[in-house]
Amino acid sequence: MATQQKEMSFLGHLEELRWHLVRSAAAIFILAITFFIFAEEVYTHFLLAHTSPDFITYQLFCDFFNLFGMESDFCSINIGEKKLQSIKVTSQLMNSIWSSLILGLIVAFPYLLWEIWRFVSPGLTENEIKKSRGFIFIASLLFFIGVLFSFYVIAPVSINFLYNYQITDTIENSFTLESHIGLVTNMLLGVSILFELPVLIYFLAKIGLITPEFLKRYRKHALVVVLILAAIITPPDVASQVIVAIPILILYEIGIIVARRVIKKQEKNAYKS
């Protein structure tokens with residue numbers, strides 16, 4: 001009888017998890033359909049925004065270099081003159097569907113976290129629930145800071161470099177729609193996930209897998225890992241990789257502070273008990 005109740009309880013958890021996943025998938029698809037309906041506006045003002053010489057980052061970089069009397073390629077952007085190629089019959093349709101799904105996932109991220117929290121919260125104590133209420137806000141804030149950083153810093157620097165890189169004049173750059181959109185969406189998603197590093201460190205410290213001393217001891221190893229991850233999610237130019245690596249290393253140092261606070265609280269609670 002006890003085994004049957006335990007089995008029913010387990011099946012009940014699976015059923016509950018299924019509905020959390022269904023609602024999460026529904027939120028992503030609803031947003032994806034919205035982005036697909038307004039695909040022209042999404043592509044013009046967002047996914048292809050970096051091909052415009054009037055993009056705000058190019059203007060700011062140009063003004064910055066001019067301030068010091070230096071010439072810069074950002075003052076003479078000509079990316080928009082190079083049209084993207086759609087070489088397959090289904091390229092534009094499939095690309096708009098895929099990019100809509102990725103953007104739906106990005107925008108729905110806070111809701112996905114909320115669904116995860118709703119699934120986990122019944123197993124938490126009242127004190128743990130109070131302390132975890134800021135989790136969704138902090139994780140979402142870090143995620144969208146990553147989105148903004150990727151969109152306004154990483155993407156324009158990478159695209160400007162790659163569009164203008166040429167081994168010799170006999171080779172003409174002619175890029176496909178898939179390569180451009182894939183570059184932008186991969187950076188948006190990849191950099192945003194990396195910005196969740198302090199949250200990951202918090203939970204690992206909470207369950208005792210890492211300590212501040214561990215993070216300090218392997219700081220140099222972490223630098224190598226960060227550079228490898230930056231090389232994976234960014235184009236193969238040193239500037240983009242360094243620009244990604246710097247904030248991630250800063251977040252790593254913040255993670256050390258977070259881990260130290262977690263350990264101190266656990267020691268304090270252990271002493272009281």
Side-chain angles (χ1 to χ4, degrees), residues 41-84 103 106-107 138 140-169 171-175 179-198 219-220 222-224 226-257:
E41 290 79 7
V42 170
Y43 273 72
T44 302
H45 302 294
F46 190 74
L47 295 176
L48 298 177
H50 306 101
T51 61
S52 172
D54 297 328
F55 189 68
I56 186 171
T57 303
Y58 300 142
Q59 297 179 0
L60 290 175
F61 281 0
C62 176
D63 294 338
F64 175 78
F65 286 108
N66 286 338
L67 185 64
F68 294 94
M70 301 168 60
E71 294 184 1
S72 172
D73 293 337
F74 292 105
C75 297
S76 56
I77 300 292
N78 59 354
I79 295 176
E81 298 176 1
K82 303 173 182 178
K83 298 295 184 180
L84 295 172
L103 293 177
I106 291 173
V107 175
I138 294 173
S140 300
L141 178 64
L142 289 172
F143 184 84
F144 286 114
I145 288 175
V147 171
L148 293 174
F149 183 76
S150 177
F151 183 76
Y152 285 106
V153 181
I154 306 299
V157 171
S158 300
I159 289 173
N160 179 57
F161 171 79
L162 294 174
Y163 268 69
N164 291 293
Y165 179 78
Q166 208 168 7
I167 299 174
T168 172
D169 292 338
I171 302 175
E172 181 181 0
N173 287 333
S174 183
F175 305 109
S179 64
H180 178 93
I181 301 302
L183 177 68
V184 174
T185 54
N186 287 340
M187 283 189 289
L188 286 174
L189 201 54
V191 173
S192 304
I193 292 174
L194 285 179
F195 268 61
E196 296 295 312
L197 183 60
R219 185 184 276 114
K220 293 181 180 179
L223 172 60
V224 175
V226 167
L227 290 175
I228 292 173
L229 291 174
I232 293 174
I233 65 175
T234 61
D237 64 285
V238 178
S240 298
Q241 294 172 15
V242 171
I243 292 173
V244 171
I246 289 174
I248 300 302
L249 291 175
I250 294 174
L251 291 172
Y252 183 85
E253 296 298 325
I254 294 175
I256 294 177
I257 299 173

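Count residues from 1 along the sequence.
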**Request:** Check Phe61 against Val157 and note the closest heavy-atom contact, atom names and distance.
**Result:** CE2-CG2, 3.6 Å

**Request:** Report the C-alpha distance between Leu148 and Val153 in whole Å, list the side-chain angles of each, state the deciding distance to 0.1 Å, and finish with yes or no for side chain to side chain contact (heavy atoms under 4.5 Å, CB included).
**Result:** CA-CA 8 Å; Leu148 293 174; Val153 181; over 6 Å; no

**Prompt:** In Å, rounded to the nearest 0.5 Å, how long is the span from CD1 of Ile154 to CG of Leu188?
**Reply:** 10.5 Å

**Prompt:** Is atom CD1 of Ile56 surrounded by more than 12 heavy atoms (other residues, nucleotides or ligands) closer than 6.0 Å?
**Reply:** no

**Prompt:** Would you say the side chain of Leu84 lies within less than 4.5 Å of the side chain of Leu48, judging by non-hydrogen atoms?
**Reply:** yes

**Request:** Report the residue from Ile193, Asn186, Thr185 that forms a side-chain contact (heavy atoms from CB on, under 4.5 Å) with Leu189.
**Result:** Ile193

**Asked** Taking atom CZ of Arg219 and atom CG of Leu249, what is their separation to the nearest 0.5 Å?
**Response** 10.0 Å

**Asked** For Ile248 and Leu194, which heavy atoms make the closest approach, and how far apart are they?
**Response** CD1-CB, 3.5 Å

**Item:** Gap between atom CG of Leu67 and atom SG of Cys62 - 0.5 Å precision
**Value:** 11.0 Å

**Asked** Crowded around Glu172 CD? As in, over 12 foreign heavy atoms under 6.0 Å?
**Response** no

**Rounded distance (nearest 0.5 Å) linking atom CG of Asn173 with atom CG of Asn164** = 8.5 Å

**Request:** List the atom of Val184, the atom of Leu47, and the distance in Å for their closest heavy-atom pair.
**Result:** CG2-O, 4.0 Å

**Message:** What's the separation between atom CG in Leu142 and atom CZ in Phe149, rounded to the nearest 0.5 Å?
**Reply:** 13.5 Å

**Asked** Looking only at heavy atoms, what is the nearest atom pair of Gly146 and Ser192, with distance?
**Response** C-OG, 3.5 Å

**Message:** As a quick check of understanding, evaluate side chain to side chain contact (heavy atoms under 4.5 Å, CB included) for Leu251 and Ile254, giving each step before the final call.
**Reply:** CA-CA 5 Å; Leu251 291 172; Ile254 294 175; 4.1 Å; yes

**Prompt:** Excluding sequence neighbours, so at least two apart, what forms ring-ring contact (aromatic ring centres under 6.0 Å, His included) with Tyr43?
**Reply:** none

**Message:** Ignoring hydrogens, what is the shortest heavy-atom contact between Leu162 and Phe175? Give both atom names and the distance.
**Reply:** O-CZ, 3.7 Å

**Request:** Apply ring-ring contact (aromatic ring centres under 6.0 Å, His included) to Phe46 and list each qualifying residue two or more places apart in sequence or on a separate chain.
**Result:** Phe151

**Ile159 side, atom CD1; His180 side, atom NE2 - distance, nearest 0.5 Å** = 4.5 Å

**Request:** Of all the heavy-atom pairs spanning His50 and Pro156, show the shortest one and how long it is.
**Result:** CD2-CD, 3.6 Å

**Asked** Residues two or more places apart in sequence or in another chain: which of them pass ring-ring contact (aromatic ring centres under 6.0 Å, His included) with Tyr152?
**Response** Phe55

